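The structure displayed is predicted, hence computed values, not measured ones.
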There are 2 protein chains.
Amino acid sequence: MADGRGASSQTGENLLFLTDEQLRQGIEAMFFAYRGFTADPDKILVDMAYGRAHHRAIHFINRAPGTTVNNLLGILGVTKQSLNRVLRTLIADGLVKSHVGKSDKRERHLYLTDAGRALEQTLSDAQRMRMRSAFRDAGPEAVAGFRTVLEAMMDPEMHHSYTRLKESST
Amino acid sequence: MADGRGASSQTGENLLFLTDEQLRQGIEAMFFAYRGFTADPDKILVDMAYGRAHHRAIHFINRAPGTTVNNLLGILGVTKQSLNRVLRTLIADGLVKSHVGKSDKRERHLYLTDAGRALEQTLSDAQRMRMRSAFRDAGPEAVAGFRTVLEAMMDPEMHHSYTRLKESST
DNA sequence: TAGTTTACGTCAGCGTTATTGACTTTCCAA
DNA sequence: TTGGAAAGTCAATAACGCTGACGTAAACTA
């Protein structure tokens with residue numbers, strides 16, 4: 001497998017771009033770009049004793065208000081203990097509210113407070129600004145390709161969460 | 001700015017795809033895809049008491065043999081203290097060798113040992129497999145767009161490291 | 001050439017984040 | 001109604017990042 005040559009080039013055009021070198025460039029592009037992707041919100045979060053985990057929780061609670069802890073767990077892909085610590089501080093600081101479920105009292109439904117929404121706006125504005133600039137520089141076709149590859153790279157479960165969120169916002 | 005409507009659509013075709021909703025989908029795609037991107041090597045690393053930081057170090061030492069600690073610092077974007085802990089274990093375990101510089105004895109030049117190269121192969125094979133499959137599913141044009149957007153998303157310094165590595169391998 | 005400054009790498013200590021394990025409450029089904 | 005399963009919480013441990021302080025080597029300067 002690791003013959004340093006990548007896929008055979010028998011079919012020419014179709015597989016030429018799948019050399020190990022090209023793949024490695026894709027890997028490194030992912031690495032460097034993700035750093036840029038998180039840099040702006042991270043800078044903001046440092047000043048308020050929060051971390052990336054808080055950002056993620058706030059993002060998805062805003063995206064799916066009323067979601068349960070268990071649901072959020074599946075989306076974030078962390079253990080509930082990790083999430084719990086984050087949620088506890090967010091609730092203590094008045095950014096998130098937790099309501100006991102009506103039909104199932106074991107569940108907690110999560111919502112952002114006004115303060116939580118404000119922080120969410122600040123954070124995603126910073127992140128969107130970079131994304132908007134990158135999208136504009138790259139052009140519509142590149143953006144389409146970008147998303148196609150990203151979707152193909154997800155684990156099936158993640159892809160499912162992704163599409164479900166996407167559809168819920170139409 | 002955050003009017004929930006994104007860029008104006010006066011120019012039609014050109015800016016239509018830059019709504020906040022589209023940007024948010026891009027953000028979420030990045031999040032879910034990056035998880036997939038790191039999932040396979042992570043699984044391997046868990047079994048040997050290593051983490052993602054070790055993988056990154058091994059990757060770039062393999063990519064640029066003889067690189068100095070300081071050079072690696074710039075690429076990885078961490079403090080030298082963080083890197084040092086990782087390097088210490090890798091050297092102790094015989095995966096990396098460190099040679100004192102000839103012209104400048106303050107420098108340490110880093111190389112993978114045979115064992116280090118073997119681990120690097122194992123890890124990047126896993127990562128490349130997913131990348132290859134995603135690239136193949138998405139097609140050459142999508143891949144080109146993928147990289148264009150990613151490059152536009154990097155910080156200028158990161159973009160510089162990225163191109164320098166890319167060019168060094170021709 | 002001697003003394004100061006700068007650069008490279010290393011060691012120690014701290015805070016945050018994620019994980020595994022054990023526990024309480026609630027729901028559901030035998 | 002009792003046993004098991006699920007949702008959420010609490011406690012303790014390991015991994016990774018950071019700031020601060022240090023020793024050594026090179027470079028600058030007087």
Side-chain angles (χ1 to χ4, degrees), chain A residues 31 34-35 38-39 41-61 66-93 96-111, chain B residues 31 34-35 38-39 41-61 66-93 96-111:
Chain A
F31 169 71
Y34 196 78
R35 289 253 309 278
T38 56
D42 279 359
K43 269 197 284 267
I44 298 173
L45 289 160
V46 169
D47 298 331
M48 45 182 68
Y50 288 152
R52 212 174 285 177
H54 300 84
H55 181 197
R56 291 195 280 250
I58 289 176
H59 175 99
F60 286 109
I61 293 174
T67 185
T68 63
V69 173
N70 211 23
N71 195 348
L72 205 50
L73 249 42
I75 292 173
L76 294 175
V78 296
T79 59
K80 41 184 186 173
Q81 294 79 350
S82 295
L83 179 57
N84 184 38
R85 177 166 27 83
V86 170
L87 283 179
R88 213 188 321 162
T89 67
L90 290 176
I91 291 172
D93 295 348
V96 168
K97 272 201 299 187
S98 155
H99 296 302
V100 174
K102 285 184 178 175
S103 57
D104 189 336
K105 288 178 196 161
R106 294 175 302 182
E107 296 180 341
R108 303 291 137 83
H109 298 275
L110 304 169
Y111 302 88
Chain B
F31 170 71
Y34 195 77
R35 288 253 309 276
T38 56
D42 280 359
K43 269 197 283 269
I44 298 172
L45 289 160
V46 169
D47 298 333
M48 44 182 69
Y50 288 153
R52 212 174 285 177
H54 300 82
H55 179 196
R56 292 196 279 251
I58 289 175
H59 174 98
F60 287 108
I61 293 174
T67 186
T68 63
V69 173
N70 211 22
N71 195 348
L72 204 50
L73 250 42
I75 293 173
L76 295 175
V78 297
T79 59
K80 40 184 187 174
Q81 294 82 347
S82 296
L83 178 57
N84 184 40
R85 179 159 25 87
V86 171
L87 283 180
R88 213 188 322 163
T89 67
L90 289 176
I91 291 173
D93 295 349
V96 169
K97 272 202 298 186
S98 154
H99 295 303
V100 174
K102 284 184 180 175
S103 56
D104 188 335
K105 288 178 196 159
R106 294 175 301 181
E107 295 180 339
R108 304 290 138 82
H109 298 274
L110 304 169
Y111 303 88

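- Between B:L45 and B:G51, the shortest heavy-atom contact is CD1-O, 3.5 Å.
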Letter per nucleotide, 5' to 3', of nucleotides 22-30 of chain C [B base touched, S only sugar-phosphate touched, - untouched; heavy atoms, 4.0 Å]:
B---BS---

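- In this structure, the separation between CZ on B:R85 and NE2 on B:H54 is 8.0 Å, given to the nearest 0.5 Å.
- For the segment residues 42-49 of chain B, no residue has any heavy atom less than 4.0 angstrom from an atom of DNA chain D.
- With sequence neighbours excluded, no residue forms a side-chain hydrogen bond (donor to acceptor under 3.5 Å, both in side chains) with A:H55.
- Proximity of residues 83-93 of chain B to DNA chain D (heavy atom under 4.0 angstrom from any strand atom) is restricted to B:R85.
- Scanning for side-chain hydrogen bond (donor to acceptor under 3.5 Å, both in side chains) contacts around A:Y50 gives A:D93, with sequence neighbours left out.
- The distance from the CG atom of A:L72 to the CZ atom of A:R108 is 14.5 Å, given to the nearest 0.5 Å.
- Atom pair B:H99:NE2 and C:dG9:P shows a separation of 15 Å (rounding to whole Å applied).
- Running 5' to 3' along DNA chain D, contacts with non-hydrogen atoms of chain B at under 4.0 Å begin and end at D:dC16 to D:dA26.
- The shortest distance between the side-chain N/O atoms of A:T79 and the OP1/OP2 oxygens of C:dA18 is not below 4.0 Å.
- The side-chain hydrogen bond (donor to acceptor under 3.5 Å, both in side chains) search around A:H59 returns B:E28, not counting sequence neighbours.
- The salt bridge (Lys or Arg N to Asp or Glu O under 4.0 Å) pairs that include a residue from residues 72-81 of chain B number zero, where partners must be two or more places apart or lie in different chains.
- The two residues A:K105 and A:V100 have their closest heavy-atom pair at O-CG1, 3.5 Å.
- Note that OG of A:S98 and CG of A:L90 are 11.5 Å apart. Values are rounded to the nearest 0.5 Å.
- Taking each heavy atom of A:R52 and A:D42 in turn, the nearest pair found is NH2-OD2, 2.7 Å.
- Summary for the helix from C:dT1-D:dA30 to C:dA30-D:dT1: the axes at its two ends, each from 5 pairs, differ by 10° when rounded to the nearest 10 degrees.
- To the nearest 0.5 Å, atoms CG (B:L87) and CD1 (B:I61) are separated by 5.5 Å.
- The side-chain hydrogen bond (donor to acceptor under 3.5 Å, both in side chains) test applied to A:N84 returns no partner, not counting sequence neighbours.
- Taking B:T68 as the reference, B:N70, B:N71, B:E107, B:H109 meet the side-chain contact (heavy atoms from CB on, under 4.5 Å) condition, with sequence neighbours excluded.
- Across residues 51-61 of chain A, A:G51, A:A53, A:H54, A:R56 each have a non-hydrogen atom less than 4.0 Å from an atom of DNA chain C (numbered order).
- Between B:N71 atom CG and C:dA7 atom C1' the separation is 15 Å, expressed in whole Å.
- The shortest distance between side-chain heavy atoms of B:F31 and A:L76 falls below 4.5 Å.
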Would you sort out whether B:K97 and B:L110 count as a side chain to side chain contact (heavy atoms under 4.5 Å, CB included), showing the intermediate values?
CA-CA 6 Å; B:K97 272 202 298 186; B:L110 304 169; over 6 Å; no

